[in-house]
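Below, read A as the first sequence line, B as the second, and so on, with proteins coming before strands; counting in each chain starts at 1.
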Amino acid sequence: MVDIISAKSLGSNDIKIEGAVGEPFCDDAKMSMRNVDVFYGDNQAIHDISFDLEKNQVTALIGPSGCGKSTFLRCLNRMNDLIPICNVKGSLQLDGEEIYGKQMDPVLLRARVGMVFQKPNPFPKSIYENVAYGPKIHGLATDKAELDEIVETSLIKAGLFNEVKDRLDSPGTGLSGGQQQRLCIARTIAVSPEVILMDEPASALDPIATAVIEELIHELKEKYTIAIVTHSMQQAARVSQKTAYFHLGQLVEMGDTKQIFTNPSHELTENYISGRFG
Amino acid sequence: MTKAVNESLPTSAVTEKIKLSLTKRHRSEMMFKSTGLAAVVLGFILVFVLLFDITSKALPAFHQHWVQLEVDFSEDNLRYSEGISLEDLRYRSTLRKAIANQFPDVKSRRDKRKLYGLYSTNAEFAIKDFLIANPNTLDTIQNIWVRVDDDVDIYLKETTSLGEPLVRVDVKEAQWIKSLVETGRIDKRFNIEFFTSSDSREPELAGVRGALTGTMLTMLVTLALSFPLGVAAALYLEEFAPKNKWTDMIEVNINNLAAVPSIIFGLLGLAVIINIFGLPRSAPLVGGIVLTLMTLPTIIIASRASIKAVPPSIREAATGLGASKIQTTFSHVLPMAMPGILTGTIIGMAQALGETAPLLMIGMVAFIVDVPASITDASTVMPVQIFLWADSPERGFLAKTSAAILVLLGFLFLMNASAAYLRRRFESK
Amino acid sequence: MTTANLVFIVMLIALASYWLGIQRSIKVAGGKQQVKHLVSLPSQYGLLTAFWCGIPAILFLLLWSAIESSVIDAFLIDQVILSADGQVQQNMGLVVNNVKLLAEKITLSEDLSAATELQLQNAQFYILLNEKATLLKTLLTLVIAVGCVSSILAKIKHSFHARNNLERIVSGLLFTCSGIALLTTIGIVMSVLFESIAFFSQVPVTEFLFGTQWSPQIAMRADQVGGSGAFGAIPLFVGTILISTIAMCLAIPVGLMIAIYLSQYATKRIRSIAKPMLEVLAGVPTVVYGFFAALTVAPIIRDFGLLIDLPIAAESALAAGLVMGVMIIPFVSSLSEDAMTAVPVALKEGSLGMGATQSETVKKVILPAAIPGIVGAILLAVSRAIGETMIVVMAAGLAANLTFNPIESVTTVTVQIVSLLKGDQEFDSAKTLAAFALGMMLFITTLALNIAALKIVRKYREQYD
């Protein structure tokens, strides 16, 4: 609420938002959202948002805090189901399947659409057990050797293997912040998701760890479709191919990252990226 | 195939693999959730069964059957002559004649004795009291209502076919009772005596007044001691105590005391308060002291939490105006913390109210007929009365015990409800 | 005058001296208008005077009550020895007791025909002694109260800092109150320790700890076979463990599942009705549970046994254990719920976000993370079960059978303490002292469990704070 008020006091509510400008839609969409509204009880947090996540691309969701980008991201794998008063309307599709449809099993959905959180949250278990957690519950490995293999490749892909290969049995909570976050990424990709949602994955990390994570995101897009919420415009510019700008629960502009950062079409986007508020 | 699955398999294959296990996983999820729900439901069932069982057993105790007797207060019967006090007359034989008159057919001694047994042993005193209260009824015939024996009372409450034998009432007795009922000489009345009379060996006469008075006295002592002590200790620990070993020790102590079994406090009461300080056994005073020591940790812990919740700005404001630490504490912090302290005190008192074990140790378990008049008189309390009655072999005490439990639960409910009310009012502020 | 009356009178004097203190301070100031020239408020002078009057007098009374009976006893014993021409009798305690009983009879003017001349003399002496003591007590108390008041009244001057004085007294009082908890613990330790030492001087520790025979009742009569009694507490320990185990077998799974359901699944509505339900279960006095166990559950279990041709004892461990389990359910559930809600939401989200079901999350992430807290809760619950008295007193047996069979009757430590101390107590007989030895075992066990539990819980909290 505070953020909304402060944004309003900047006079930004004089500027009308009439549907998103730019290119919110694409041909090769992994996920597509149409006319999405999200309510917390009587409060509407997301207003009529429509756009696509392009396959094997990194899409960055940016905007001032409180603009609803995290809320929106959590809709994509139904993490908002955990909040009883949260109510989602509109159409969200993964490969043409309705995410909030009756046919969709949230368990399967969350296996296909993985999530990395703002604060690294490794389980209080060993490094090995952390990565093996997903494959184990989903029954992806038939024997120990296969599980070992999955753990190893996931750690390799997350760029963590060389650092921890000698201490796979030590607790995951004993790693440094950046390592913990990469462990969480390894944990997520161990179940071979199709989409990875990242909610400000580097905000709790130091610049060096952040750079490592950004590098990792860059590599991961070869295999996965990625949506990343970020506070830092530089980060969005570095890691993403597409950028969506959110403002007060609405999508203002979406398009190629280069385009948005060099030549935004909407006044609000320009104000934001030029640092006038946010 | 040793190559990583997620390398070799396309993601859609992983999806297929996950799908295979889903049914089983959802089933186990359902099972788990239903087990949790079942546990909660079990809790409800247990509460319901407990309360239902006790209430259904207690209900009979609130009514009692009375029987009408036609008593001939003739001077002849009573062996009355001028100058003899009304206290010393032959009431027993008068009563027996009255009973025998109701059943002229009963001749044998054995049957007669059985017949007398249908009436409460108190009946003799009932007619005596009646005559003493109405001396002008001497030499008249009066209809007097007296209680039936507890076995008859139970029979009347439980029988489905009057006249048939049941438990402790045989065929003959059942027939007599039937004839009494048919002639309209049996009446069912609300048992007000349950609240106005004290303990007795006879179930039909026993009441809770003595125990209730004892409970009141004991609770008064407990409240008078534990409230000031608890609040003072909490104030010291929260506002004045320096952070040192001594304070730590007291804190650990209080936490441990809160979990010491209550019976141990009884041992303390017996060995120290009765044996060393020489206070009287069985007295509410000693009971109150023991319960104080037992509830003190509860009150201190609750009071400390409440004092801690008072915003520091209040203290700073008062101190800034030149108030001393003590003045700040007593005129600003304490009043603000009071609702929370009161809530904690009520909860502690509710605990003390239901406590039995330590009181057994200090002799509050004696059979006491008199209503205690002071905190040093021998007395008993409600929970101990329940314990005593539950131990009695007479069936009539079963209902009495349950009724006493209902009374006790009623008090507990009131106390907890008022604590909840206080807490809610406090929170909404 | 009784001590209670004296306390009352001292309080009245204190009240009066409050008023006196105020009047005196006003007078010193030179009238009501001049009060502002005093360094403290008149009410502070009043309070100070009242405290000075009440506290020394009441302290004196407490001290007097503590030593009075032993001093009188010493005088009485001297007199008894004197009256018996200097012979020290055996069973001095008994003789003294008889004299006291006789004295009571005299004051109640009851029948004295059974007493000998000598006993009557001694009793009269005892009565006289008591009267003197009471008189002395009353006089001294009053002198102390009045003396203190007048000395403090004399001290009240313009510059007398009543407030500082008062505050020192008040903080001293508060400090004393906080020490009561410590005194209680010391009192508990002392009372069980001394009586236990007395007990172990009569019965060897090894027999108590490792003996398998428990029949303390015999010890009352020396002429009986085995007059020394048997004090092997193993059957009691086994009985206690058996009943507590049955209780925990019910309470842990049910309590834990309730905690899981309420913290992970239940809607707000269900929580709002389930919480009071648990409070009812927790608030029912144990004597009520005992009644329920003895008169409802035990007969049902026995009838069920008859139905399947299994002889179940009327006071089976099963009935007491199950009802005790019911009593402990809310305890386990609320403490483990606290432990589970303390697990960070991020862990739960991390697991759910990977596609784990709620139950997988609970079993593989939340429970393992909360396990220290839950273990602490269970330890506290066990300590509760071991110390629980009324349920077992009413529903378990008295006979010390050494068995692990839940359908047989066993007895517990607490049951024995109650049965040994419920009647009249002779503090020199092993029977009475045995109760204190059992009490010490109980105290040590529960204390160890509590300390361990509190330590585990605290350490666990630090982990997530």
Query raised in the report: Given a strict heavy-atom distance threshold of 4.5 Å, which part of B:L257 is in contact with chain C: side chain, backbone, both, or neither?
Result: side chain
Query raised in the report: Measuring heavy-atom distances to chain C, does B:A350 have an atom under 4.5 Å in its side chain, in its backbone, in both, or in neither?
Result: neither
Report summary line: Okay, C:A293 and chain B: the region with an atom under 4.5 Å from a heavy atom over there is neither
Requested in this report: Could you look at C:I273 and say if it's the side chain, the backbone, both or neither that has a heavy atom under 4.5 Å from chain B?
Outcome: both
Query raised in the report: Closest approach of B:V40 and C:I258, non-hydrogen atoms and distance?
Result: N-CG1, 3.8 Å
**Report entry** Under 4.5 Å from a heavy atom of chain C, the part of B:L412 involved
**Finding:** side chain
Report task. Check each atom of C:I386 against the heavy atoms of chain B and say whether the ones under 4.5 Å are side chain, backbone, both or neither. Result -> neither
Query raised in the report: By a 4.5 Å heavy-atom criterion (distance strictly below it), what part of B:D53 contacts chain C: side chain, backbone, both, or neither?
Result: side chain
Query raised in the report: Considering only heavy atoms, which portion of B:L229 lies under 4.5 Å from any heavy atom of chain C: side chain, backbone, both, or neither?
Result: both
Query - Structural part of C:V254 lying under 4.5 Å from a heavy atom of chain B - result: both
Requested in this report: Check whether C:F194 gets within reach of chain B through its side chain, its backbone, both or neither, counting any heavy atom under 4.5 Å.
Outcome: neither
Query - Interface moiety of B:E239 toward chain C, non-hydrogen atoms closer than 4.5 Å - result: neither
Query raised in the report: So, for B:F32 and C:M257, which heavy atoms are closest and what is the spacing to 0.1 Å?
Result: O-CE, 3.7 Å
Query raised in the report: Which bit of B:F48 is near chain C, if near means a heavy-atom gap under 4.5 Å: side chain, backbone, both or neither?
Result: neither
Query - Closest non-hydrogen atom pair, C:E195 against B:A271 - result: OE2-CB, 4.3 Å
Query raised in the report: Is chain B contacted by the side chain of C:I260, its backbone, both, or neither, given a heavy-atom distance below 4.5 Å?
Result: side chain
Query raised in the report: Which bit of B:I347 comes within less than 4.5 Å of chain C, counting heavy atoms only: side chain, backbone, both or neither?
Result: neither
**Report entry** Contacting region of B:L409 [heavy-atom separation from chain C under 4.5 Å]
**Finding:** side chain
Query - Which portion of B:I326 sits near chain C, non-hydrogen atoms under 4.5 angstrom - result: both
Report task. Counting only heavy atoms closer than 4.5 Å, note whether B:W389 contacts chain C via side chain, backbone, both or neither. Result -> neither
Query raised in the report: Which value, rounded to the nearest 0.5 Å, describes the distance between C:L174 atom CG and B:F330 atom CZ?
Result: 5.0 Å
Requested in this report: Kindly give the heavy-atom pair with the smallest separation between C:V287 and B:P383, and that separation in Å.
Outcome: CG2-O, 3.5 Å
Requested in this report: Determine the minimum heavy-atom distance between B:K57 and C:L295, stating which atoms define it.
Outcome: NZ-O, 3.6 Å
Report summary line: When the 4.5 angstrom heavy-atom criterion is applied to B:F265 and chain C, the contacting part is side chain
Query raised in the report: Which bit of B:F387 is near chain C, if near means a heavy-atom gap under 4.5 Å: side chain, backbone, both or neither?
Result: both
Requested in this report: Measure across C:I188 and B:L268 and return the closest heavy-atom pair with its distance rounded to 0.1 Å.
Outcome: N-CD1, 3.4 Å
